[in-house]
Amino acid sequence: MKPSRIALVDVNNCYVSCERLMRPDLERVPMVVLSNNDGCCVARSAEVKALGVKMGTPWFHMKDLAKQHGIRAMSSNYALYGDMSRRFHAVLAQWVPPECQEIYSIDECFLDFAGQDRLDLTETGQAIRAQVKQWVGLPVSVGIGSTKTLAKFANHVGKKQPQWNGVCDLTVLSIPDRLALMDQFPVQETWGVGRRLAEQLIDLGIRTVGDLARCNPKRMRERFGVVMERTVAELQGVSCVEWQTQPPAKQQIVASRSFGGPLYTLDQIAEPVRFHMGRAAEKLRQQGGVAGRVGVLLETNRFRPQDPQYSPSRSISLPAASDDTAVLTTWAVTLLRALFKAGYRYVKAGVMLDDLRPKEMSQGSLFDSLPPERDHRRETLMAVLDRANGKWGRGTMGVGSAGVRDQKGWAMNRGMLSPCYTTNWEELRAVS
DNA sequence: TCTGGGGTCCTAGGACCC
DNA sequence: TCTGGGGTCCTAGGACCC
C-alpha cells in the first residue's frame with residue numbers, strides 16, 4: 001500500500017487577514033482582532049506576534065503597548081469571516097474529489113491526495129497558495145505529511161521557517177531528516193499536546209516533537225492514555241485519526257456569553273438566558289434534532305479573587321425531548337431559578353442542550369397528552385420564528401422578553417466592529 | 001473598569017443491577 | 001469483627017482543539 005499524502009491548508013492570521021482584505025490601508029499596520037465583548041486577542045498580525053503578544057492576551061492589558069506601537073484593534077466580525085471561509089473552502093474543493101476534502105475549522109482544511117501519486121505536492125501547494133490568494137485574497141500555508149498530525153506539524157514548519165516559502169512536504173524527507181526537523185520544535189507544537197501534557201512530557205525529558213516521535217506508543221499509553229498513544233503513532237506515520245468528510249451531527253449545543261457588564265438579579269439574568277436559549281434552539285432545529293436534556297450555567301468573575309465566587313451549572317433530563325423554544329426556555333428559566341443566589345456579581349450566563357437526537361426518532365413522553373403525531377401548529381410557529389430571525393437579524397422575535405426589549409446591561413460590547421462588507425448590501429465596500 | 005465561545009473525547013467514580 | 005464481584009450506565013471533570 002502506498003503511504004497516503006495529506007495536506008493541511010490554513011489561512012494565516014485568519015481574522016486579521018479577512019479584515020485587511022477589505023481595508024488594504026491596514027496591510028502593514030500592526031493589528032489584532034478581539035474576542036466577543038472586545039475581551040482578548042484571538043488573532044494577531046505578524047507585526048503584533050513579533051512584539052511577543054500571546055494569543056488570548058486581554059486587550060486592556062496591552063493598551064500601553066498598543067499606544068506605543070500604534071496597534072489597531074477590531075471587534076470580531078463573524079459574518080465576514082464565515083463568508084470568506086466559505087469561499088476559501090470552495091476554492092480548495094477544486095483540488096480533490098469531495099470525499100477527500102475535510103473542512104476542519106473555519107480556517108483549516110485537510111486534503112487527501114491519495115491516488116494522485118504523480119503530483120509534486122510542493123508545486124501543488126504553491127499553486128494552491130497562489131490560487132487562494134488570487135481568487136479569495138487570503139494568504140495560506142500548506143503542510144503535507146502521511147498523517148493528519150504530521151500534516152499539522154508540516155504546516156507549522158512552513159509558517160515558521162521562511163525557507164519553505166509557505167509549503168512544507170514532509171513526505172519527501174528521509175526519516176532521519178524528518179526527525180532532525182522535528183527536533184527543532186518544542187514538544188508543545190504537536191497537535192494534541194497542550195500546556196498540561198507538555199509540562200509532564202518535559203519532566204520525562206521529552207522536550208521536542210522529535211523526542212515524542214521516538215517514543216514507544218504502547219508505553220506512552222500506559223502513562224498518558226489512548227489519546228497520547230495515537231498522537232505518537234501519528235507522528236510515526238501510522239494514521240489513527242479518522243477522516244470525516246461530513247461534519248457529524250453535534251452532540252451538544254452551547255450558547256453562552258459574557259454580559260456587557262455585571263448583573264445582580266434573577267430578572268436581569270433571565271433575559272439573556274431566554275435569548276441564549278432562542279439561539280441554541282434555532283441551531284438545534286437547523287440540524288433537525290431534539291434535545292433530551294437542558295442545562296444552565298452562571299459565572300462570576302474568576303479574575304477578581306476579592307469577589308465571592310459562585311459558578312454553578314445544572315442540567316435536567318426532560319420528560320420528552322423537544323426542539324420548541326418555548327418549552328426549552330421554560331425549563332431553562334426553571335433551572336436558573338434553582339441555581340440563582342443573590343449577593344453575587346454575575347458576569348456570564350449560558351444554556352446547554354444535550355442528549356441530542358434526530359427528530360424522527362424522538363418519542364413523546366408516555367404521559368404526554370398530545371397524540372403521537374406532532375403538533376403542527378407549534379412547528380409552524382418555530383419555522384416562522386427561525387425565518388424572521390434569519391431575515392431581520394437575531395432577536396427580532398423571541399419567547400417572552402427574549403430579544404424584544406433592548407438588551408440593556410447585557411449586550412456585547414463591540415465598539416470596533418467592521419462593516420459586513422460581503423453579506424449585507426447596506427455595508428458594501430465603497431470605492432471612490 | 002475591562003480577561004471569548006463553542007466544541008470533542010476520555011477517564012474515574014458512583015449508582016444500580018444481578 | 002467479619003460485608004462479593006462484575007457489568008453497565010451516567011455524570012462530572014479534565015484535557016485538548018480552533
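All values below were derived from every heavy atom in this structure, side-chain atoms included, with hydrogens, water molecules and symmetry-related copies excluded. Each chain gets a letter, A, B and so on, in the order its sequence line appears, and its residues count up from 1. All values derive from a computational prediction rather than experimental measurement.
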Between A/Q252 and A/Y15, which is nearer to the 5' end of DNA chain B once each is assigned its nearest nucleotide?
-> A/Y15

Starting at CG of A/L34 and ending at P of B/dG4, how long is that distance when rounded to a whole Å?
-> 11 Å

What is the distance, rounded to the nearest whole Å, between atom CZ of A/F303 and atom P of B/dC2?
-> 12 Å

For A/I106, answer base if it contacts any base atom (sugar-phosphate contacts may also be present), sugar-phosphate if it contacts only those atoms, and nothing otherwise; contact means non-hydrogen atoms under 4.0 Å.
-> nothing

Which is true for A/R345 with a 4.0 Å heavy-atom rule: it touches a base, it touches only sugar-phosphate, or it touches nothing?
-> sugar-phosphate

So what does A/W191 touch, heavy atoms closer than 4.0 Å: a base, only the sugar-phosphate, or nothing?
-> sugar-phosphate

Return the nearest nucleotide to the side chain of A/V226; candidates are B/dC10, B/dG6, B/dT3.
-> B/dC10

Geometric class of the A/F340/A/Y346 ring pair [parallel <30°, tilted 30-60°, perpendicular >60°] | tilted

With sugar-phosphate meaning primed atoms plus P, OP1 and OP2, does A/K63 contact a base, only sugar-phosphate, or nothing at under 4.0 Å between heavy atoms?
-> nothing

Quick note, A/V227 side chain, CB onward, closest among B/dC10, B/dT3, C/dA15 is B/dC10

Assess the side chains of A/Q184 and A/Q161: does a donor N or O sit below 3.5 Å from an acceptor N or O?
-> yes

May I ask you to verify if any side-chain N or O of A/Q200 is less than 4.0 angstrom from the OP1 or OP2 atom of C/dA15?
-> no

Check: A/E19 and A/L26 side chains under 4.5 Å, non-hydrogen atoms | no

Side-chain contact check for A/S258: nearest option of C/dT11, B/dT8, B/dG4 is B/dG4

Under-4.0 Å salt bridge between A/E222 and A/K218 = no

Just how far, in rounded Å, is P of B/dC2 from CE of A/M62?
-> 19 Å

Check the distance between C/dC17's C1' and A/N155's CG and give it to me in whole angstrom.
-> 15 Å

So, do A/N77 and A/C420 sit near enough that their side-chain heavy atoms are less than 4.5 Å apart?
-> yes

Closest-nucleotide ordering on DNA chain B, the 5'-leading residue of A/R221 and A/H61 | A/H61

Please work out if A/D107 contacts a base, only the sugar-phosphate, or nothing of the nucleic acid, heavy-atom cut-off 4.0 Å.
-> sugar-phosphate

Value in whole Å for how far the C1' atom of B/dG5 lies from CG of A/N37 = 11 Å

Between A/S256 and B/dG4, does any side-chain N or O lie under 4.0 Å from OP1 or OP2?
-> no

From the candidates C/dA15, B/dC9, C/dC17, the one with an atom nearest any side-chain atom of A/R230 is B/dC9

Using a 4.0 Å heavy-atom cut-off across all strands, classify A/R304 as base, sugar-phosphate, or nothing.
-> sugar-phosphate

Answer with base, sugar-phosphate or nothing: what part of the nucleic acid does A/T190 contact at a heavy-atom distance below 4.0 Å?
-> sugar-phosphate

Any donor-acceptor N or O pair under 3.5 Å, side chains A/D107, A/S105 | yes

A/R279 side chain near B/dG6 phosphate (N/O to OP1/OP2, under 4.0 Å) = yes

Once you round it to whole Å, what is the distance between C1' of C/dA12 and CZ of A/R314?
-> 14 Å

Between atom CG in A/N301 and atom P in B/dC2, what is the gap in whole Å?
-> 6 Å

Calculate the interatomic distance between A/E299 atom CD and B/dT3 atom C1'; express it in whole Å.
-> 12 Å

Residue A/Q251, side-chain heavy atoms: nucleotide from B/dT11, B/dT3, B/dT8 that is nearest = B/dT8

In degrees, rounded to 10°, what is the bend between the two ends of the helix from B/dG5-C/dC18 to B/dC18-C/dG5, using five pairs at each?
-> 10°

Against the side chain of A/E108, the closest entry in C/dC18, B/dG6, B/dG4 is C/dC18

Counting heavy atoms not belonging to A/E99, are there more than 12 under 6.0 Å from its CD?
-> yes

C1' atom, B/dC16 versus C/dG4: distance in rounded Å?
-> 15 Å

Short side-chain donor-acceptor distance under 3.5 Å, A/N12 and A/S141 | yes

Side-chain N,O (A/K250) to OP1/OP2 (B/dT8) below 4.0 Å | no

Aromatic rings A/H276 and A/W410: how do their planes relate, parallel, tilted or perpendicular, breaks at 30° and 60°?
-> perpendicular

Report the nucleotide, chosen from C/dC18, B/dG4, B/dG7, that has the shortest atom-to-atom distance to any side-chain atom of A/K152.
-> C/dC18

